[in-house]
Amino acid sequence: MGVRSSKAVDPVVSRRYSSESEAMLVVRRRPHMVNGGGFVVSNSKQQVVFTVDGCGVLGTKDKLVLKNGDGNDLLLIRKMGGMVQALNMVHKKWEGFGYDNEGTEKLLFTLKDPKESCLVQHGLIRILVHGKPKISTCNIYNNKYIEIKGSFAERDCNIMDSDGRNIAQVRVEKEMEEMVGNKKDLYNIIVKANVDQAFIVGVIAILDYIHGESTIC
């Protein structure tokens with residue numbers, strides 16, 4: 001399936017984590033002896049480019065930290081309780097915070113917990129991206145919504161922009177599954193050119209936690 005040639009697009013975390021060509025990332029769960037240990041992400045050269053720490057490392061639930069390959073914090077992700085709405089339901093959400101040059105937290109994106117939303121019935125999760133200026137119509141984040149379609153639990157889902165274009169995929173190769181015996185322990189994220197890979201991995205970290213996998217205790 002072809003994807004439109006992408007021009008420079010606004011990153012969510014940082015432009016330095018985008019590539020001019022499609023990137024194949026490999027996600028490997030940390031050893032099972034560490035509950036909530038999280039996972040490690042490598043590139044095609046087998047270099048560690050991101051790590052995600054879960055509650056087993058951080059010592060607290062409902063919190064995740066995404067780091068780059070040098071061990072620097074990129075995202076602080078927290079599960080928040082929302083306001084009581086008219087139907088007397090509490091909407092819970094995940095919020096992803098980046099850091100400015102002074103190290104101050106800034107809200108980058110919000111993902112409603114699908115267990116608290118009817119959207120999960122339709123296999124759709126929507127992410128709101130905050131604070132991105134509408135510079136040009138080719139910017140995939142102009143409408144500030146990113147959607148996830150498919151099943152993360154089955155390692156078969158797509159991350160789409162608001163125009164329905166595929167910007168990332170989660171897949172597992174048959175050979176890889178046969179090698180490790182569990183597709184949840186080793187799988188691929190395919191990120192399209194000029195798409196912020198750090199943001200995509202942050203979204204995957206939330207899905208991992210929601211599904212009770214490597215980041216949860």
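For the numbers below, each heavy atom of this structure counts, side chains included, while hydrogens, waters and symmetry mates do not.
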Counting distance only, does the side-chain N/O of [X] pair as donor-acceptor with the main-chain N or O of [Y] below 3.5 Å?
X	Y	value
D70	N72	no
Y17	F199	no
N188	I190	no
R126	I148	no

In Å and rounded to the nearest 0.5 Å, what is the [atom1] to [atom2] distance from [X] to [Y]?
X	Y	atom1	atom2	answer
K79	I210	NZ	CD1	7.5 Å
I127	L108	CD1	CG	12.5 Å
Y145	F109	OH	CZ	15.0 Å
D161	N166	CG	CG	9.0 Å
N194	I167	CG	CD1	11.5 Å
L76	L66	CG	CG	10.5 Å

Salt bridge check: are R78 and E95 linked by an N-O gap of less than 4.0 Å?
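Salt bridge: no.
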Would you call R28 and D185 a salt bridge, taking side-chain N to carboxylate O under 4.0 Å as the test?
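Looking at D185 together with R28, the answer is no, because their closest N to O distance does not fall below 4.0 Å.
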Kindly give the heavy-atom pair with the smallest separation between [X] and [Y], and that separation in Å.
X	Y	answer
G56	C217	N-SG, 3.3 Å
A23	Q197	CB-NE2, 3.5 Å
C157	S151	CB-N, 3.7 Å
T215	A205	OG1-O, 4.0 Å
A198	L75	O-CD1, 4.1 Å

[X] versus [Y]: any side-chain heavy-atom pair under 4.5 Å?
X	Y	result
V203	I146	no
L207	I125	yes
F50	I204	no
Y99	E105	yes
L128	K112	no
I189	Q169	no
K61	Y209	yes
V57	V65	no

Before you tell me yes or no, could you show the steps for R171 and D156 under side chain to side chain contact (heavy atoms under 4.5 Å, CB included), namely the whole-Å CA-CA distance, both residues' side-chain angles and the distance that decides it to 0.1 Å?
CA-CA 5 Å; R171 296 287 184 269; D156 184 17; 3.1 Å; yes
For Q46, does the CD atom have more than 12 heavy-atom neighbours from other residues, nucleotides or ligands under 6.0 Å away?
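Incorrect, the count does not exceed 12.
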Take K106 and T104, measure what side chain to side chain contact (heavy atoms under 4.5 Å, CB included) needs, and give me the verdict at the end.
CA-CA 7 Å; K106 56 180 181 179; T104 303; over 6 Å; no
Can you hop from V40 to V27 via hydrophobic side chains spaced under 4.5 Å?
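V40 and V27: separate clusters.
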State plainly whether one hydrophobic cluster holds both V12 and M160, where clusters connect Ile, Leu, Val, Met, Phe, Trp and Tyr through side-chain heavy atoms under 4.5 angstrom apart.
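No, it is not one cluster - the side chains of V12 and M160 are not joined through contacts under 4.5 Å.
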State, without any angle test, whether N158 and R165 hold a side-chain donor-acceptor pair at a distance under 3.5 Å.
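Result is no, nothing qualifies.
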Please collect all salt bridge (Lys or Arg N to Asp or Glu O under 4.0 Å) contacts where either partner lies in residues 206-217, sequence neighbours excluded, each pair once.
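Sorted pair list: R155-E213, K184-E213.
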Give me each pair satisfying salt bridge (Lys or Arg N to Asp or Glu O under 4.0 Å) with a member in residues 39-57, each pair once, sequence neighbours excluded.
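Matches after skipping sequence neighbours: R30-D53, D53-K67.
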Please name all residues satisfying ring-ring contact (aromatic ring centres under 6.0 Å, His included) with F39, sequence neighbours left out, ordered by chain then number.
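Partners of F39 by the ring-ring contact (aromatic ring centres under 6.0 Å, His included) criterion come out as none, since no residue qualifies.
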In terms of the angle between their ring planes, are F152 and H211 parallel, tilted or perpendicular, with boundaries placed at 30° and 60°?
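F152 vs H211 ring planes: tilted.
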My understanding is that only one of L25, V13, I159, V170 makes a side-chain contact (heavy atoms from CB on, under 4.5 Å) with I200; could you say which?
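Exactly one option meets the side-chain contact (heavy atoms from CB on, under 4.5 Å) with I200, and it is I159.
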